[in-house]
Each structure stands twice: as structure tokens, then as C-alpha cells.
Amino acid sequence: MSVQVAAPAVELKELSGPMDKAAGPPCEPVTPHPPGHGVAACPLTVTEREAAPAPSCAGERPPLSGCPGLSAAGLPPGAAKVPQASAMKRSDPHHPQHRHRDGGDSGGAAAEALVSPDGTVTEAPRTVKKIQFADQKQEFNKRPTKIGRRSLSRSISQSSTDSYSSAASYTDSSDDETSPRDKQQKNSKGSSDFCVKNIKQAEFGRREIEIAEQEMPALMALRKRAQGEKPLAGAKIVGCTHITAQTAVLMETLGALGAQCRWAACNIYSTLNEVAAALAESGFPVFAWKGESEDDFWWCIDRCVNVEGWQPNMILDDGGDLTHWIYKKYPNMFKKIKGIVEESVTGVHRLYQLSKAGKLCVPAMNVNDSVTKQKFDNLYCCRESILDGLKRTTDMMFGGKQVVVCGYGEVGKGCCAALKAMGSIVYVTEIDPICALQACMDGFRLVKLNEVIRQVDIVITCTGNKNVVTREHLDRMKNSCIVCNMGHSNTEIDVASLRTPELTWERVRSQVDHVIWPDGKRIVLLAEGRLLNLSCSTVPTFVLSITATTQALALIELYNAPEGRYKQDVYLLPKKMDEYVASLHLPTFDAHLTELTDEQAKYLGLNKNGPFKPNYYRCCSSSSFLLPRAWGTRAGRVEGTGFNPTGPLRRYQGVSG
């Protein structure tokens, strides 16, 4: 068997053994051997090795000089090399030769079998640690067959998709392209009142839910404390939120408190298929899967609402789509609905529009502007998940990159803080002087988008408004600029303007598209302009526990409120409830609150047990439904926001940071 000489020079080492005497005295310095010599890697320079002529075949070796005791074949006098290794196979599979053949601990050395004149079989001394067998090289150089190439290409593509898909390894691994709407599925109880990707993934989803429960202490504590009282007994809740493991914990908590639930997804990319399957297996009517079309999205919502013999009396919404659908298709349902709980900026904005127009039929609870939502979910969640989403989709390094963040509300603050900590150069656009001043005080340069659009590497929107990044901006971006959205709605980036014949769309990964201009310039669009973190990565479970607990308490409050307490308007969560949610999470950190003395409480005019903040207290709210000042304040730009173009830009007095 021929060997190929390793490129780096290898020092010969003396080995004691039966072959030492047969091999003669140690070699003296020798003249360099040409490539292909079978004894050892020779200390030739690269130039010398390239210049040395290669032998015509493995069996032709030039004579050696300077190595007494070795023949031209590199063997001791009288020893004959076995022509084929297979002729000397041993029955013991653990023999060193067999371990080497199987990739064992041979250290890369060639253990050659030698036969001495008396018939004794021995191994040649190992003088080289890393050499490559010629037949091994041939094997790696072989071109794969057509089938092999296709199989390899597919496996690489699938691996890439799975690695960068949203959250779960099971979500995108299925080869079944059949629409869930065309499948007939039943859970183990025989129910078919659901529509998910694959009910067989339920076991995997159950594991994810169990893991999430460990990081959601407040919700689990609420479930334990209140399930005996069943405060939601008789409640029929229809929900439209992201369907993740964290949402599943919320749904199962609502069920434990006595509620009946039907659920759809508020985002076509954020659903975890295995979690949806686990919920369906547990008996929850869930209608959602990852990668829904727009038609599927509304079909799923309709299946939740329009069911014979069941009518909702509570709504839990995230984005306002469910509320909008009922208002548009089934307005009579509002006669039995007791209230709406809305989480997102976009949904809250729609509720205020309905209230202002006198069309809001039921009380609504604004969870988005609660302190626990703004200060924790919007800030801390986005501070961690923005990096996760960008890394999974682009593999980029943040150090030295120029980034513009549109909006410096709580989401914008979290994004800017994370990117700054990674060494990025961060610019901020804002319309609100208060948030703008905060950005300046935090060390960020306040700009108009037009001023930096040609030079930035990443554009991130987090305003909740529409057309924040227009086609004009997209045309002026540099090659390979990354564009993404951290707001709830997909209206911030004008993606529709990119779907034109002159532009080419190229899907390179799950949720990653290259949009290519005729001159070859391309931008990297993530999640088609939808919410980046939940579409392309995951979000921290613990911080979602805060939001989910707030939602559960808001549902309990609205459902059990006596008639007349809440009118047909939008309400903020009572401050006492905010503080209760926070207190449920403190034991996780082994935190100990200081208690006011009677004298201190009297001095401050507070109850010793709270609330400790006035009802008008708010953290500095996000720029929500607002757009960066880069586009001026023409009425057309702010139409639909409910704001005067010249201000004031906030709904509440007494804004605190």
C-alpha cells in the first residue's frame, strides 16, 4: 500500500522493539528523498518538494543513500513487504491494525506488516505520526454520483434550514408539504376540532412546555393559588397570540382556572408546530401552523370564532386582528362578550380608534401600557432577542457595524443597548423630543434616516407605524444591508413595494430573503418585514412570564368585574395589579423587599402594602404608532395614528422614565 508524504517535516524517533536490530543502527542524516518515499516525511522545503520528480508508481522508489541497514524499498535487508494489507488480516477486531483501518487511535501512522526470512510477521516501526494513504486520498477525491450529489445537497440545505429556523428543531424538519387544512387528523381522544401541522409532534411539544413552566414562576404560582377557586369558571376565551411554549403555559393556566379556550396565531411565522400539536393533543382547539398564508391566517381565526354551539365571552388579542375580524364578520357576538384584553401597541391603537369613534362595544384592558409590560417585556426581552434573531439568520459579527434603530421607545432602547454592548455604531431616529433626548443622553446620535441610509449595515424598525422604511430608502441602501422589524405589525417596512418584476427574490434560509436589484445590489430582508425575534429566533421565557401573568389577571378582572365598573372604553391595568405581578417573580431571585414603617408610610401618604406609584405613573412609553422625524409631519404620514402632526405625542400626563 502506498502512502503520501505529509507536508510538514516530521522528526524521526527511536522506537525500542524487535525490529531495532534488524533495521541496523539509527539513520545518519540523509540526503532529501523525493516525494512518494514510503519511510518518513522528509525535511524538504516546499520548493524542494515541488521540484523533486515524483516516481511513476508506488512500487518504483529511488535508491537511498546515507541510511545503512535499509534497502531501496525502505526495509531491513532480507525483509519482504507484504504486497496487500488484506492478505495479513487478523481475526481480532481490536488489533491495532484494525483500529487504524477503522479510524481508531493509530495516530495517523501507517502500521505496515513485515515478514522476516524466518517467517516471523512483525510491524514496521512507526516513524510518522500523520500520513495519508493513497487509497484514502482517492476515496475523498472521487466525484459523487448524481444521486449522491443530490442527497448531499439536500442534507446540507435541510441542516441549514433546521439550524436557523424559529426556535424548534422539529418545526421545519417535516417533508410533508400538504396543507394542514387538507389533512384529517385526530388526537388520542378522538377529537378533530383543531388544525395543526402534525399531531404526531405532540410529545416533543409537551417537553418544550414543561421546560417553559420552569421559567414561568408567577404563572405557575397563580395556577396553584387560584385553581381551587376557579375564577374563570364559565369563561369562554378566544385568543389570537403567538403560539409558543410560553403561550401554551398561559393557555393551560387559563384552563386550570376554569376557562374554555380556542386559539389562533397572530403571526404566520411564529407558531411552534410541536407546541400547537401538544395543545391539540391536550384538548385545546388550536388552529395554527408555521408558514401560514394570508388566507390561512384569516381562516384559522374564523375557525376559532365561528363554531356551532360555542360563543366567546372574552377576547385575548395580540395585534387586534381577532377583534377586527369579529367586529367585521360577527358584530352581534359583542352582545355577550364581557371584555377585551390587548397586548400590543398596534392592537391598543386600534382600540383607541374605535373608542374615539364611539364604536367600541365592550370594555378593553390595555396591557401593552402596563408598567410590567413596558419595562420588562418590551425592554429586557428585546435587548436579548434582537441579537439572537440577527445571529441565527445572518451569522454576522456586530462589532464595528453601523446600525440605525428607528424609534427609541422601550423596544428601541433594548435594541440599542444590546447592539452598543456588542461594539456596533448605533444611530437613532425619533419624533418625540423626550425619547430623542433620552437617546442623546444614552450616547446615541440622533439622525434622520435619509442622512445615514447609504452607509448603515443594518436597519431596525420598532415604531409600530406604517411605511417607516419606504421604497425610496430601500433603493438607496448599500449592498447587503440587513433590514428587519422589531415592531408587532408588518407595516413598518414597505415590503409590498419590493414585489415588482424588476426585482428578484431569492430565499437563502428560512425567513431570510435576498432582494436583488437589476444592477446586482441586494438587501437582506428578514421574516418578510414581520416581527424578527418571534419569527426567526426565540424570546426569554422568564420575561414572558411577566406579560402572561398580567394578561391572566386582566382577564380575571374583566370577567369578574361587577356590571358598571368598566364602561365601553379602554382601561389601564390597576397599579396594584402591576405590583402584584412583579412581586410574584421576586422569589426567583431570592429577593427581599423592604417594608415601610408606619411613620414612613404616613410621611409619604402611602399604604404600607401599596400601591406605591400613582395611577398616572408610566415608564417612558414606546414611540408606538409614530414614525421617525426623517419624513417630516405631513398629514398623510400620520393619517390613521390618531395624532396631531405637531403634537402632543403622548396620551398620558406624568410620564416617568
Side-chain angles (χ1 to χ4, degrees), residues 160-161 163-167 269-270 377-430 435 438-449 451-463 468-469 473-474 476-487 492-493 508-515 521-540 543 622-623 628 630:
S160 175
T161 301
S163 298
Y164 297 93
S165 65
S166 171
Y269 292 130
S270 64
D377 193 338
N378 290 6
L379 175 61
Y380 299 114
C381 177
C382 295
R383 189 175 69 181
E384 297 192 18
S385 60
I386 179 64
L387 300 180
D388 187 19
L390 287 171
K391 278 288 187 185
R392 291 199 196 201
T393 51
T394 66
D395 299 322
M396 76 176 309
M397 192 169 190
F398 298 109
K401 293 295 191 298
Q402 297 190 60
V403 185
V404 60
V405 177
C406 301
Y408 200 67
E410 296 306 313
V411 173
K413 287 181 176 69
C415 294
C416 289
L419 292 163
K420 181 181 180 181
M422 297 300 292
S424 299
I425 302 166
V426 183
Y427 304 96
V428 173
T429 69
E430 249 300 342
C435 289
Q438 283 185 305
C440 294
M441 296 291 285
D442 288 337
F444 301 108
R445 185 182 170 195
L446 192 74
V447 297
K448 295 181 179 181
L449 187 57
E451 298 171 355
V452 296
I453 194 63
R454 290 185 181 275
Q455 68 193 57
V456 293
D457 302 291
I458 309 174
V459 178
I460 303 172
T461 59
C462 35
T463 69
V468 177
V469 176
H473 299 116
L474 295 164
R476 296 174 59 197
M477 289 177 183
K478 65 190 292 187
N479 186 47
S480 298
C481 181
I482 297 170
V483 186
C484 62
N485 171 44
M486 282 292 286
E492 302 200 33
I493 302 167
V508 295
R509 280 180 180 169
S510 177
Q511 314 304 330
V512 183
D513 291 291
H514 284 181
V515 183
K521 184 200 89 167
R522 65 183 62 201
I523 65 167
V524 183
L525 180 64
L526 305 183
E528 297 184 21
R530 296 179 184 272
L531 183 59
L532 172 68
N533 54 4
L534 279 163
S535 296
C536 302
S537 63
T538 59
V539 292
V543 80
S622 67
S623 358

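Side chains are part of it too, since the values below use all heavy atoms of this structure and drop only hydrogens, waters and symmetry mates.
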Check: What heavy-atom pair brings Met486 and Leu531 nearest, and what distance separates the two atoms?
Finding: O-CD1, 3.3 Å
Margin query: Treating Lys420 as the side-chain partner and Ile425 as the backbone partner, does any N or O pair qualify as donor plus acceptor under 3.5 Å?
Written below: no
Notebook entry, point to check: Does a donor on one side chain sit under 3.5 Å from an acceptor on the other, for Thr393 and Gln511?
Noted result: no
Item checked: Met397 atom CE, over 12 foreign heavy atoms within 6.0 Å -> no
Next item on the list: Kindly give the heavy-atom pair with the smallest separation between Val468 and Cys406, and that separation in Å.
Entry: CG1-CB, 4.0 Å
Check: Is a side-chain donor or acceptor of Ser424 paired with a backbone partner of Phe398 at a separation under 3.5 angstrom?
Finding: yes
Margin query: Using side-chain contact (heavy atoms from CB on, under 4.5 Å), reason through Asn485 and Arg530 one step at a time and then give a plain yes or no.
Written below: CA-CA 6 Å; Asn485 171 44; Arg530 296 179 184 272; 5.7 Å; no
Notebook entry, point to check: Taking the side chain as C-beta and beyond, is there a heavy-atom pair between His473 and Val459 under 4.5 Å?
Noted result: no
Checklist line | side-chain hydrogen bond (donor to acceptor under 3.5 Å, both in side chains) partner of Tyr427, the single match among Glu451, Gln455, Arg445 | finding: Gln455
Margin query: On a heavy-atom basis, which atom in Ile386 and which in Ala418 lie closest, and how many Å separate them?
Written below: CG2-CB, 3.9 Å
Next item on the list: Ignoring hydrogens and angles, tell me if any N or O in the side chain of Lys478 forms a donor-acceptor pair with the backbone of Arg454 under 3.5 Å.
Entry: no
Check: Where is the tightest heavy-atom contact between Gly407 and Cys462, given as atom of each residue plus distance?
Finding: O-SG, 3.7 Å
Checklist line | Results of salt bridge (charged side-chain N to carboxylate O under 4.0 Å, His left out) for Arg522 - residues two or more places apart only | finding: Glu506
Next item on the list: Walk me through it: do Gln438 and Glu430 pass the test side-chain contact (heavy atoms from CB on, under 4.5 Å)?
Entry: CA-CA 10 Å; Gln438 283 185 305; Glu430 249 300 342; over 6 Å; no
Checklist line | Val469 and its side chain to side chain contact (heavy atoms under 4.5 Å, CB included) partner, picked from Thr461, Ile460, Ile453 | finding: Thr461
Next item on the list: Find the distance between CG (Leu379) and SG (Cys381) and round it off to the nearest 0.5 Å.
Entry: 10.0 Å
Note to self: Taking Val411's backbone N and O only, do any of them form a donor-acceptor pair with Asn378's side chain (distance below 3.5 Å, no angle check)?
What the structure shows: no
Item checked: Check: Met422 and Val403 side chains under 4.5 Å, non-hydrogen atoms -> no
Check: Given Lys401 and Ile482, is the side-chain contact (heavy atoms from CB on, under 4.5 Å) satisfied, shown in steps?
Finding: CA-CA 11 Å; Lys401 293 295 191 298; Ile482 297 170; over 6 Å; no
Check: Is any side-chain heavy atom of Asp442 closer than 4.5 Å to a side-chain heavy atom of Val428?
Finding: no
Check: salt bridge (charged side-chain N to carboxylate O under 4.0 Å, His left out) with Lys521: which residues, sequence neighbours excluded?
Finding: none
